[in-house]
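Working notes, beginning with the structure itself.
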Amino acid sequence: MSEESRAQAAAAAEIDAQETREWLDALSAVIEREGPERAHALLEELLEHARQNSIDLPFSATTGYVNTIEPEQEARSPGNIAIEKRLRAYMRWNAMAMVVRANRLNPEDGGDLGGHIGSFASLASMWGAGFNHFWHAESEGHGGDCIYFQGHSAPGIYARAYLEGRITEDQLEHFRQEVGGKGLSSYPHPKLMPGFWQFPTVSMGLGPLMAIYQARFLKYLHARGIADTANRKVWVFLGDGEMDEPESMGAISLAARENSTT
């Protein structure tokens, strides 16, 4: 490339860089003076204008793993974060100790009861936030939320229930040995443990499938004036075990079509 060509390329690049800077500065000024909503509206207008002029728009099926809102926009936790963190540590420990102890105390089962120790540890913070700040029990003014717990994480719920005084140490020691009537069922099951679990989950991906239909019919009842379910929500937690089952995906189109998930 000749010196003249290099100079022309450099000049063109400088012009492009300056133009890009001007666009970015203009957008920054809109954000600062008129707010993010106005900036969003302008970007939508620009994209629509580009589509009308048959411009090939960039597309990516993935996005950067970042917060959806700025840190300063995040609401402050209404609880005591230090205490909640300490309680979660107790629950993680109790969940692990319960599984290990049940295996050691029952050698006749070959020490092979299992218990998915890592499952609860991976979502203890999510469940803690739900229990402490989001989920509603049934009361006079609220029909109660519907929680489909990820079944393999059941030890974490038992660990929390033990701290709350709802189950005994003897029950913990008989984890997955409920045949005698004093143990804890392997997974959430209201028939085996009435008054404790709302719904059975785990088997063949029933949890996510039933949760979608639960949300659908809550809306059905409300729309027809049969029951006031406006404030009730359905929460479902899925792990890789659930998503390996085709049934877990079977009703997602229903939820998307009817906007039935809450």
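Index from 1, following the sequence. What's counted below: heavy atoms across the whole structure, side chains too, no hydrogens, waters or symmetry copies.
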Next on the checklist: Counting neighbours of CG on D56 that are heavy atoms of other residues, nucleotides or ligands and sit closer than 6.0 Å, is the number greater than 12?
Outcome noted: no
Checklist entry - L24 and V30: same hydrophobic cluster, using ILVMFWY side-chain contacts below 4.5 Å? => result no
Item to check | Crowding at NE2, H133 (>12 non-hydrogen neighbours, <6.0 Å) | outcome: yes
Checklist entry - Between Y158 and W197, does the ring centre distance come in under 6.0 Å? => result yes
Checklist entry - Is I81 reachable from F134 through a run of I, L, V, M, F, W or Y residues, each pair having side-chain heavy atoms under 4.5 Å apart? => result no
Checklist outcome for this item: The reported gap from CG in L42 to CG in L27 (rounded to nearest 0.5 angstrom) is 8.0 Å
Item to check | Within the 6.0 Å centroid threshold, strictly below: F131 and W235 | outcome: no
Item to check | NZ-CG distance between K85 and N80, expressed to the nearest 0.5 angstrom | outcome: 12.0 Å
Next on the checklist: If you apply the rule side-chain contact (heavy atoms from CB on, under 4.5 Å), what do you find for V234 with D145, and how did you get there?
Outcome noted: CA-CA 6 Å; V234 177; D145 291 333; over 6 Å; no
Checklist entry - Any side-chain heavy atom of Y148 within less than 4.5 Å of one from I212? => result no
Next on the checklist: Quick check against the 3.5 Å criterion: does H189 have a side-chain atom that pairs as donor or acceptor with the backbone of S185?
Outcome noted: no
Checklist entry - What side chain to side chain donor-acceptor pair (under 3.5 Å) pairs are there with at least one residue in residues 118-132, not counting sequence neighbours? => result E84-N132, R88-S125, N132-R160
Next on the checklist: With a sphere of 6.0 Å drawn around CD of Q73, does it hold more than 12 non-hydrogen atoms of other residues, nucleotides or ligands?
Outcome noted: yes
Checklist outcome for this item: So CG of L221 and CZ of R232: to nearest 0.5 Å the spacing works out to 8.5 Å
Checklist entry - When rounded to the nearest 0.5 angstrom, what is the spacing between CG in L163 and CG in L87? => result 7.0 Å
Next on the checklist: Let me confirm one number: the CZ-CG distance from R101 to L172, rounded to the nearest 0.5 Å.
Outcome noted: 9.5 Å
Item to check | Heavy-atom check, side chain of I167 versus side chain of E164, under 4.5 Å | outcome: no
Checklist entry - What is the ring orientation for F237 with F149, classed by angle as parallel under 30°, tilted 30 to 60°, or perpendicular over 60°? => result parallel
Checklist entry - Just wondering, do F196 and R166 contact through their side chains at under 4.5 Å, heavy atoms? => result yes
Checklist entry - Is any side-chain heavy atom of H136 closer than 4.5 Å to a side-chain heavy atom of N231? => result no
Checklist entry - Looking at CG of L43 and CD of E48, how far apart are the two atoms once the value is rounded to the nearest 0.5 Å? => result 13.5 Å
Checklist entry - With no hydrogens and no angle check, is any side-chain donor or acceptor of Q150 less than 3.5 Å from a backbone partner on L238? => result no
Next on the checklist: Once you measure the plane-to-plane angle for F217 and Y213, does it fall in the parallel (<30°), tilted (30-60°) or perpendicular (>60°) bin?
Outcome noted: parallel
Checklist entry - Are P155 and F175 side-chain neighbours, meaning at least one heavy-atom pair lies under 4.5 Å? => result yes
Checklist entry - Which heavy atom of A159 sits nearest a heavy atom of A95, and at what distance? => result CB-N, 3.7 Å
Checklist entry - If every non-hydrogen atom of P200 is compared with every non-hydrogen atom of P190, which pair is closest and at what distance? => result N-CD, 3.4 Å
Checklist entry - T229 versus K219: any side-chain heavy-atom pair under 4.5 Å? => result no
Item to check | Non-hydrogen side-chain atoms of L184 and M98 separated by less than 4.5 Å | outcome: yes
Next on the checklist: Is it true that, when you exclude E45 itself, more than 12 heavy atoms of the residues, nucleotides or ligands shown sit nearer than 6.0 Å to its CD?
Outcome noted: no
Checklist entry - Would you say the side chain of H222 lies within less than 4.5 Å of the side chain of D228, judging by non-hydrogen atoms? => result yes
Checklist entry - Are Y162 and Q171 close enough, and set up right, to give a side-chain hydrogen bond (donor to acceptor under 3.5 Å, both in side chains), and what steps lead you there? => result CA-CA 9 Å; Y162 175 68; Q171 286 178 291; over 6 Å; no
Item to check | Closest non-hydrogen atom pair, D170 against H174 | outcome: O-ND1, 2.9 Å
Checklist entry - Are I226 and L218 joined in one hydrophobic group, where the rule is that I, L, V, M, F, W and Y side chains link up if heavy atoms are under 4.5 Å apart? => result yes
Item to check | Flag if over 12 foreign heavy atoms under 6.0 Å of CD, E72 | outcome: yes
Item to check | side-chain contact (heavy atoms from CB on, under 4.5 Å) assessment of V99 paired with F120 | outcome: CA-CA 12 Å; V99 175; F120 170 67; over 6 Å; no
